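Letters go in sequence order (proteins before strands), and every chain restarts at 1. All values reported here derive from a predicted model rather than from experimental measurement.
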2 protein chains.
Amino acid sequence: MRSAEFDREHVLRQAMTTFMQHGYSKTSMQKLTQATGLHPGSIYCAFNNKKGLLLASVEQYQKDKNEQFAQLCASHNNIKSALHAFLADIAHPCASSEATKVCLLTRTLSEIDGQDEEVTQVLSNNLSAFERSLESVLNKAMDKGEISSKPSAKERAQFLVMGIYGLRTYASTGNDTQALSRLSEQLLEYVLR
Amino acid sequence: MRSAEFDREHVLRQAMTTFMQHGYSKTSMQKLTQATGLHPGSIYCAFNNKKGLLLASVEQYQKDKNEQFAQLCASHNNIKSALHAFLADIAHPCASSEATKVCLLTRTLSEIDGQDEEVTQVLSNNLSAFERSLESVLNKAMDKGEISSKPSAKERAQFLVMGIYGLRTYASTGNDTQALSRLSEQLLEYVLR
DNA sequence: TTCAATCTTGAATATGCGTTCAAGATACAC
DNA sequence: GTGTATCTTGAACGCATATTCAAGATTGAA
């Protein structure tokens, strides 16, 4: 026997960055071999094809984002400061030109829309899973009496998710940092009203 | 002499629909020749290249959207019903599977991001022009005393635009019509607060 | 040390793409 | 009616792409 030589997580993080930077279709296999250090044959052996590598990258992305979010929640003792930090983490890179300014899930979903049912499903599922995890955080805040129960956690979570999508797109139309942070504030104010 | 035989506006509307349906890079010249009825040579003669056809389509799209918006504003006597109708026009196709469910400007911007400076500029300019026209409508509503002047027209317009971007992305994650119209309501409520 | 199982390598393949261009068709001026 | 300027046509071109595969390299067990 002989085991694979590459570090799967490392490869997937390099791949996801490349996908975020150039989008799915403009990320050529050549770019992927350069970014990951793997040769075409190895990629095809480990992930079937380009789409397989995308799906594996998406899985890794979601895993990383979930961990980040859990840590962020653990390090704040009230929902307002937690979500404030969360939105700042989104808005700040948005105004920069880093690859991480976009969301792998929404960018790919928008690009792939109507082209591949499987990828669309996976992305949608991951996005709604994250909405539910926001909902659960809001529910906990209700239990602790930090926010009222009148607009339900679900409604709040939906509006927040919509706002995040909007923020990201808004940021891509030109980096008005001032407006972006003002919009984040207003969004948070409304969600925690 | 001899004049061109095709109807430019018709051709551009067919092209823009194709671009909205498949995205820029997956819209092949073959698809465009089928959709427009023009042969490759004619397209290259009239629009230089694929990118030129995109830019011309974007111009036509913006012109059409501006006309629609002006008519919509003219047919409502208060801002609330006007914007309500406007959001409904956005949200309803979003929940369907028509090509018009996406916005040519944002979809293309997201796909092209970081690849072509000229297209990025044109799209961003068009989007902020539309934000300003929303701002102007809000200003008129202030003059008529329909809304207070406290959150400025600019701030309201920015939040509304962010919300529209968010609505569109939210819609693309799965067509929960119920949630979509509820989100529209909340958005409107907050913008006209 | 030997051998076979497995992984790595990267050139080769087939396909689809945007673009060009020379030949043919057409319309208008005279 | 004739000539010419212009438009239309679509086959052909070069290029980039995703994918394959057979040869070479490496591992670990016997």
Expressed in angstrom and rounded to an integer, what is the separation of B:K50 atom NZ from C:dG16 atom C1'? 12 Å
Under a 4.0 Å heavy-atom cut-off, which of residues 31-44 of chain A touch DNA chain C? A:H39, A:P40, A:G41, A:S42
Run the salt-bridge test on B:E67 and B:K63 with the 4.0 Å N-O cut-off and return the result as yes or no. no
I'd like to know if the side chain of A:T106 pairs up with that of B:T169 as donor and acceptor (distance under 3.5 Å, no hydrogens or angles considered). no
Sequence neighbours left out, what pairs pass side chain to side chain donor-acceptor pair (under 3.5 Å) with at least one residue falling in residues 128-142 of chain A? A:E131-B:Y170
Give the rounded distance in Å between these two atoms: CG of B:N49 and P of C:dT19. 5 Å
Rounded to whole angstroms, how far apart are CZ on B:F47 and P on D:dT8? 11 Å
Tell me: CG of B:D7 to P of D:dC7, nearest whole Å? 16 Å
Side-chain heavy atoms of A:V119 within contact of A:L109, under 4.5 Å: no
The side chain to side chain donor-acceptor pair (under 3.5 Å) partners of B:R156 (sequence neighbours excluded) come to B:S148
Given atom CG of B:L53 and atom C1' of C:dT19, what is their separation to the nearest angstrom? 14 Å
Length of the line joining B:M29:CE and C:dT19:C1', which is rounded to integer Å: 8 Å
In whole Å, what is the span from the CD atom of B:Q30 to the P atom of D:dA12? 16 Å
Identify, residue by residue, the members of residues 8-25 of chain A with a heavy atom below 4.0 Å from DNA chain D, and return them in order of residue number, or none. none
Would you say B:D64 and B:Q60 are linked by a side-chain donor-acceptor pair, where the criterion is simply a distance under 3.5 Å? yes
Contact list for residues 77-86 of chain B, test side chain to side chain donor-acceptor pair (under 3.5 Å), sequence neighbours left out: B:H76-B:S81
In whole angstrom, give the distance that lies between atom CG of B:N48 and atom C1' of C:dT19. 12 Å
Salt bridge (Lys or Arg N to Asp or Glu O under 4.0 Å) filter on B:E155, not counting sequence neighbours, yields A:R182
Answer yes if the side chains of B:Q62 and B:N66 hold a donor-acceptor pair under 3.5 Å, and no otherwise. no
